[in-house]
Structure formats: C-alpha cells, structure tokens
Amino acid sequence: MEYDYEYFKKEIKAMTKIDLNDYKEKQMKRRIDTLIQKNKITGYNNYIAALKSDKEMFDEFVGYITINVSEFYRNPDQWQIMDRDVFPELINKFGKNLKIWSAACSTGDEPYSLVMALSKHVPLNQIRIYATDLDKVILGKAQAGLYNEKSIASVPDEFKKKYFEKVGSSYRISDEIKSRVTFRQHNLLLDKYDTDYDMIVCRNVLIYFTEEAKDEVFRKFKDSLKPGGVLFIGSTEQIMNYKEIGYQRKTSFFYEKPKD
C-alpha cells in the first residue's frame, strides 16, 4: 500500500502540479482514503486510472484535497481588529488604493468579506482585491457568488441587507461587491508571487502544509509585501519563527513587514 501511495503522489503531481509531499501525510491520506471508499474503488492505482478517465471524479478529487472550507467574516473578533486598527493604519501609510491579496481564497467568502469590511473606509469604486486559489472549480463557485445561510451567518446585518439577495434557500452576493474582486488560479508552492502588496490575507490553509512548505510560503509572502505591509493569518496558525523570517508581530494573527 505504501508503494502504491508513492506512485499515486507522482501521478497526481504529473496530472495537477499538486505536490502531495508538501501536505501533512497522515491528514492527506485520510482525506484521499475517504474519497476512494466513497467511490467504491480498490487501491491508489485504480483510483488514479479512474481520475484519468472521469472528469467529474477528477474535479471532486481536486476540490476535496485542496481543503475548501470557508465562511464570511470567519473569527469576527479578528475582523474587528482589522476594521479598527489595521485598515486605518494601512490607509494612513499607503493611501486609499490599497493592493490586497486574498491567497487560497476558496469559495470567495474571504475576498468578498474584505471588500465589505474595507468599504467602511474607502469608496467601493476604489477597492480592488486580488483573489487566488489552486482549484478551478472552486474559483468558478466563488465567481458565481451563491452561499448558504451558515456561510453568511457572521456577516454584519448592515451588509447582509445591502449586499445579499435571497434566491431559494441560498443567498447571492451583489454584483457591486463581486466586481471589486479579480480571481485567478495560483499554486502557492509552485507559481511566482506578485509584489508590492499592502496586505496579504491567507487564513486556515497552511495548517495542512508541512513545516518546510509553510515556512517557504511565509517567506514568499514577506517578499511580496511592501515595507510596512501586513500579513493576516488564521486563528489556527502562528508564525513561530516570525523574527527569523523578518516580520514584526502586531497581534497574534497580524504580522508586519518592517520598513527599511
């Protein structure tokens, strides 16, 4: 079985450019084994053959292993800190046309939350959020902008009323908000990073990476920020070696790239 899994990882990398060696193996194998059982397939070799011949199964696989769990205003207390302290500081430093990247954005909850939160400080037509994810199918869902009630539970009432329309049992986010976000596919471990960001938001994704992969991403984020720019990470994460990488810690989940 171990030999099969080594073969499986090589084939997946060839098919998707996703290197499963960068993810914690125990967690990742558990997720993959669950999918194999669900599809009533025996062994990794047969699953690879099925993924090559069945597009629907392939899309399901990519979506499942890229950990697409998200919700609007996740951990609201952290968003309050951003609203009260971080956004005003960034606007004071860099002006109102902030360049913000929502990395591993999943179904779009996070970049759309950023637009709404920032709209309290900046006119909507001056907001531009760049949002990326590895999974093309999930990016399609993000661009569609349809969410269930649980996803939008933490959205402030003022924004719920203003920017969401009930469609059946779902809620559709308004084009006003959608138009402020640019989505594209991006692999955090393989692709080149853009630069000169005032803020990068990447939350509750890197916990699934190995320590080496995590460290590499945090260093690349630092290089992508302007001096004085801020990285916002998830409540399940911490950058233990933030000083060594070159960050200053503002709070537990906000890290700043020092000015030269």
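Because the structure is a prediction, the values reported are computed rather than measured.
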### Message
Tell me if the CE atom of Met15 is crowded by more than 12 foreign heavy atoms within 6.0 Å.
### Response
yes
### Message
Between Asn45 and Glu11, is there a side-chain donor-acceptor contact under 3.5 Å, judged purely by atom types and distance?
### Response
no
### Task
Indicate whether the side chain of Ser224 and that of Trp101 have a donor and an acceptor atom separated by less than 3.5 Å.
no
### Task
Flag this pair as yes if the NZ/CZ of Lys29 is under 6.0 angstrom from the six-membered ring centre of Tyr5 and inside a 45 degree cone about the axis; otherwise no.
yes
### Query
Are side-chain N/O atoms of Tyr47 and Asp33 paired as donor and acceptor at under 3.5 Å?
no
### Query
Any salt bridge between Glu25 and Lys9, counting N to O under 4.0 Å?
yes
### Query
For Tyr193, which of Asp223, Ile200, Val217 qualifies under side-chain contact (heavy atoms from CB on, under 4.5 Å)?
Val217
### Task
Evaluate whether atom NZ of Lys166 has more than 12 neighbouring non-hydrogen atoms of other residues, nucleotides or ligands under 6.0 angstrom away.
yes
### Task
Among Asp198, Asp194, Asp196, find the one that has a salt bridge (Lys or Arg N to Asp or Glu O under 4.0 Å) with Lys226.
Asp198
### Query
Given Ile177, which of Phe164, Tyr112, Phe159 fulfils the side-chain contact (heavy atoms from CB on, under 4.5 Å) condition?
Tyr112
### Task
Check whether more than 12 heavy atoms from other residues, nucleotides or ligands sit under 6.0 Å from atom CD of Glu149, and answer yes or no.
no
### Query
Would you find more than 12 non-hydrogen atoms of other residues, nucleotides or ligands less than 6.0 Å from Lys141 atom NZ?
no
### Task
Describe, in one word, how the ring planes of Phe8 and Phe61 are oriented to each other, choosing from parallel (under 30°), tilted (30 to 60°) and perpendicular (over 60°).
perpendicular
### Task
Please tell me if the side chains of Phe232 and Met199 come closer than 4.5 Å, counting only heavy atoms from C-beta onward.
yes
### Query
Do you see a donor-acceptor pair shorter than 3.5 Å between the side chains of Arg203 and Asn75?
yes
### Message
Less than 6.0 angstrom from the centroid, inside 45 degrees of the normal: does Lys257 satisfy that with respect to the ring of Tyr247?
### Response
no
### Query
Between Glu71 and Ser151, do the side chains contain an N or O donor and an N or O acceptor separated by less than 3.5 Å?
no
